[in-house]
Each structure stands twice: as C-alpha cells, then as structure tokens.
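Below you will find the structure I want to go over with you.
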Amino acid sequence: MLYIGVDLGTSAVKLLLMDGSGKILHIVSKEYPLYFPNPGWSEQKPEDWYTQVMAGIKELIQDVDKSQVAGISFGGQMHGLVILDENDQVIRPAILWNDGRTTEECDYLNNVIGKEKLSQYTANISFTGFTAPKVLWVKNKEPENFARIKKIMLPKDYIAYKLSGVHCTDVSDASGMLLFDVKNRCWSKEMCEICGITTDQLAKIYESYEAVGTVLPEIAKELGIPESCKVVAGAGDNAAAAVGTGTVGDGNCNISLGTSGTIFISSEKFGVDKFNALHAFAHADGHFHLMGCMLSAASCNKWWMDEIIGTQDYGKEQAAIDKLGENHVYFLPYLMGERSPINDPLARGTFIGLTMDSTRADMTQAVLEGVAFALRDSFEVAKALGIHIERSKICGGGAKSPLWKKMIANILNVKVDVIESEEGPALGGAMLAAVACGEFESVQEAADKIVKIVDTVEPEPELVAKYEARYQQYKEIYPACKELFRKIQ
C-alpha cells in the first residue's frame, strides 16, 4: 500500500509518497505566499494551503497506482490560529507561529492569570506564538470576528478537515495551543474560560497515529484515490519530524534546523521544567517530550544569504569558512524575537564584535554559529534538569550543510547522527498514516524499521574547548542588550 505525508510548512507544503516498506517513492513541493501586514505580524491564507496541497497530491501520485493509496497524514507548522464561522468558512487570514503581535495578551496571561496557574492547567506558560494569546488578541482587537467563531483550528487540521469533513486535531499539535491539558491529554476548561471560548469551539482530539475518518467522496473522485483512504490525525511539525528521525521512546534527541530551530527530547514520562523555559508537550508516539524552540534558525542563514549579501550559492559562502572556534564576530539570531529559553518577543538580531578586518566569511560564520549557540541555550536547560544527552539526530534544510552539522556537534559537544532521509515531518506524517492503516503495530516499530543512520559527526575535543570559550562569551550578549532592545522598539 501507499502512504502520503503532508508537511505543511511556513513557506511551502512538502508532500511525500512512501510504500509499506518505508521506501520514499516521490516528493513534491508547492509554495504559497506569506504576508507581513504590520511589523512583527505574520499571516497566511488557509485557502492557499488547501489549493497547493490538492495540486501537490495530484502531482505526487500521477505515476502510481492510485488505488493503492491507503492513508494520508500530516506534519504541520504549529500554533497558527485558523478560525471558521458557522458555515466552516475562514473568517480571517491565519495568524502564524512566528507572529509577535500578542505581547499584551501574553503579559496578561503570564502576569495577571499567572505562570503558575498556566503551568498547572497546561504544563506551559504563554509565548507570543502560542494559539491562546492569539484568540485573546482577536477577542480584544477584532471583536466582530471573535463573535463569528464557530471552530478554532490549527493549520494542518484545517487541511485534514477539508479532506475528511472532520474537525480534528492531535495531542502533539494541541499541546502548543495553551488550551490543552498536556498531562491528561484533554482540553483545559479553565483555559477556555480565561479565553472566553468553549470546548465545543475546539476540535476533537486524537492520538497522532489515529484515523479521524476517510476522504470525502468528492475528494476521492478529484484525486482518483479510494474512498476508503484514511485521513490520519498527524502531528505538529516537530513531533512529526521526531517520528521521521526515529526520535521516539525514552531519552532520544532530535535537532531540527528548519525555518525555526528546535531541540526535541522524547520521554516516556510526563515532566515539566520548573522555569518553563522548555515546552512540555504530548508526543506523537503516545508519550511526551520536552522541546526548546527558537524562532529563527535556517531562516537566519536564508535572510543573510538572500537579502543581505544577495547570493543563492550557500555552499560557496560556507567554503570560505576555515577557522572554526576562532571567530571574534558574534550574531544573536533573534530576527523574529525569541521563544526558548528567553521568551522575549522584543529581542532582535544583532552582530557584535566587528572590526576593520572582519570579513564576509566571518559574518557568515557568525550567523551559523549564532544559531548553534542559541540551540545550546535550550540544551543547557535540559542538562540542568538532569537530562544527559550524548547524541542527537538532525533534520531540516540546515542539516544539509556539513559545516553546520560540525558546528553543532562541537558547540553542543554531542554526537550528531545523520539519517538516510532528511525529510523529517513529511516522512513522519507518512509513517503515522502507515501505523493507522495497520502496516506497523506502533510508532516505535515503524521508526525501528524505517529510520536508518548513515553517518555520525563526532565532536573534536580541541574544537569543543574552543567553542566552550566562545559560548561563554556569547551568552553574555543578550543580557547586556536586553534593555536596549526595549528602548529601540
């Protein structure tokens, strides 16, 4: 049988076709617009997602036996607010995960309601990217739209609804809404009351590997696939990426270098960082995970290459970098503010340490190192919790860079395992579809049989020592700039 994984990203949707053995048969990518109507705002039109998903599926399966398509599942950008009216029509453009407009609402939730209560209700505190403060923003700033809300959904779940007719979500994606009781895997009635909504306005919750239904007859006809094709709940992009990299079970780690950057630590037991610097979420394997998320990772490098120095030849720029651990230029990668672990939407990207002999290569190197240093900030929180990590998988667009992988191995002082497929969320989505269709008994079994390590980047003691000294300097920069960021807004 054949399984489709849909990775609904921020700049494009990636669709992957996998057979029952885990072999990837075809990959298609379709882009859609991203809108910035005000500084710090970030929106997309859900209708654009659906149009490109349908076009992508048609292209993906055009040369295969369509009758063999047994399941479709998802990995998707998290936290985005999609609101539907009583006719299931989109009320306004989706407010995305990297949107920073909800500072006032976050301050209200964290400081008036209180971080202790939020953590008690949801295992997390409020961040500007989360969904609950977005709901409050619509309530406060667009009351006419708030009054029309019949359903509150997440990006990938809107696509699942369009395919199946079911208002659904999964436990991993729901965990990032600040409306979900992570420990008990159910909606938090207290948080709904705080936000002025009811649980009826939220979608039905499924485990990531559960089928929510089958494709609607008109969808089956348009795509040429069986009406028995299952639509499977899927997972938030980071949990789906973790499935796609085999980061399931207890104590495994995955680093994702996508538009955002994450450190993802899977756990069989529920646990909360007492400072809430890391997110405590439900995992797609039926258990839990801790996650540190930075808002700008590979997007920092894309910004630097495309917008500032004006080149598409990323490899050539990195080839000029030859003195690792010796760079005197530093870069704070806070181009969209920052989440983990500093939770500061006013933080900004910053170069520091420039001199007359600083080169283009030094600045390129600083951007790559800055992202790795920021990932280490979250890594240090995990270490403080007593979590010992010796190795990590890696995925995302940035993982294609041998230089970046080497930096991460030495800055974090961990072995970095490179897997055969770097398709992360799309592969994870296809694997979840296969589990739901009975191809594998569990997510763990699917990961064990499909995910293969093909290389390991080992940390080098001398380089680890150099980067340790650099990191100690790096981590003093943000505290020194924190108040300045507030003054320059």
Side-chain angles (χ1 to χ4, degrees), residues 74-79 97 119 122-125 127 129-130 154 156 169-178 180-185 205-209 233-258 260-294 339-341 375 378-396 412 414 417 419 424-425 427-429 431-432 435 442-444 446-447 451:
F74 314 88
Q77 50 167 300
M78 296 179 69
H79 315 303
W97 60 274
S119 188
T122 71
N124 294 278
I125 62 172
F127 291 76
F130 280 13
L154 294 163
K156 76 170 190 343
T169 191
D170 84 287
V171 293
S172 71
D173 217 357
S175 294
M177 295 180 76
L178 204 70
F180 186 69
D181 178 346
V182 174
K183 183 177 182 180
N184 296 304
R185 295 170 113 81
I205 301 164
Y206 294 82
E207 291 291 336
S208 302
Y209 48 81
D237 51 6
N238 292 297
V243 172
T245 60
T247 310
V248 297
D250 198 44
N252 289 307
C253 182
N254 180 56
I255 293 169
S256 176
L257 279 179
S260 61
T262 60
I263 286 186
F264 185 110
I265 303 164
S266 60
S267 174
E268 291 185 355
K269 296 179 181 178
F270 172 77
V272 179
D273 156 33
K274 66 179 180 179
F275 299 110
N276 296 110
L278 299 181
H279 307 320
F281 287 169
H283 192 6
D285 66 355
H287 300 295
F288 300 94
H289 69 87
L290 288 173
M291 184 175 72
C293 178
M294 56 184 296
R339 249 166 61 184
S340 305
L375 285 170
S378 287
F379 195 73
E380 290 297 310
V381 177
K383 286 165 64 177
L385 294 173
I387 299 171
H388 181 63
I389 300 169
E390 291 186 351
R391 62 194 319 129
S392 177
K393 309 276 182 52
I394 193 166
C395 69
L412 273 63
V414 295
D417 291 325
I419 57 174
L427 178 58
M431 290 166 65
L432 291 169
V435 173
S442 66
V443 177
Q444 182 73 63
V451 180

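Below, all heavy atoms of this structure are taken into account, side chains as well, without hydrogens, waters or symmetry copies.
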Give a yes or no answer on whether the side chain of Ser172 reaches the backbone of Ala235 with a donor-acceptor pair at less than 3.5 Å.
-> no
Residue list, side-chain contact (heavy atoms from CB on, under 4.5 Å) with Asn276, at least two apart or on another chain | Ser119, Ile125, Val272
Output all residues satisfying side-chain contact (heavy atoms from CB on, under 4.5 Å) with Arg391, sequence neighbours left out; order by chain, then residue number.
->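 Lys415, Asp417, Thr456.
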Taking all heavy atoms of Val381 and all of Pro341, pick out the closest pair and write down the distance.
-> CG2-CB, 4.1 Å
For Asp170, enumerate each residue passing the salt bridge (Lys or Arg N to Asp or Glu O under 4.0 Å) test, keeping only those at least two apart in sequence or located in another chain.
-> Lys156
Within a strict 4.5 Å, meaning less than it, do heavy atoms of the Leu412 and Ile389 side chains meet?
->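 Sidechains of Ile389 and Leu412: no contact.
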Min side-chain heavy-atom separation Asn124-Phe281 under 4.5 Å =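 A side-chain contact exists here, since the closest heavy-atom pair is under 4.5 Å.
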What are the two closest non-hydrogen atoms of Cys253 and Ile263, and how far apart are they?
->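 Nearest heavy atoms, Cys253 then Ile263: SG-CG2, 4.1 Å.
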What residues form a side-chain contact (heavy atoms from CB on, under 4.5 Å) with Ser260, not counting sequence neighbours?
-> Trp97, Cys293
Enumerate the residue pairs fulfilling side-chain hydrogen bond (donor to acceptor under 3.5 Å, both in side chains) with a member in residues 278-287, sequence neighbours excluded, ordered by first and then second residue.
->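 Only His279-Arg339 qualify under side-chain hydrogen bond (donor to acceptor under 3.5 Å, both in side chains).
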Check whether any side-chain heavy atom of Thr247 sits under 4.5 Å from a side-chain heavy atom of His289, and report yes or no.
-> no
Spell out, as yes or no, whether a donor-acceptor pair under 3.5 Å connects the side chain of Ser266 to the backbone of Gly249.
->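 Indeed, once roles are kept as given, a pair shorter than 3.5 Å links the two residues.
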Heavy-atom distance under 4.5 Å between the side chains of Asp237 and Met78, does that happen here?
->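 With C-beta onward as the side chain, the pair touches.
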Can you tell me if Ser256 uses its side chain to pair, donor with acceptor, with the backbone of Thr262 under 3.5 Å?
->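 Side chain of Ser256 to backbone of Thr262, a donor-acceptor pair under 3.5 Å: no, none is there.
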What pairs with Glu380 under salt bridge (Lys or Arg N to Asp or Glu O under 4.0 Å), at least two apart in sequence or on another chain?
->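 So Glu380 forms a salt bridge (Lys or Arg N to Asp or Glu O under 4.0 Å) with Arg376, Lys383.
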Could you check if a side-chain atom of Phe264 sits within less than 4.5 angstrom of a side-chain atom of Thr245, using non-hydrogen atoms only?
->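 The answer is no; the side chains never approach within 4.5 Å.
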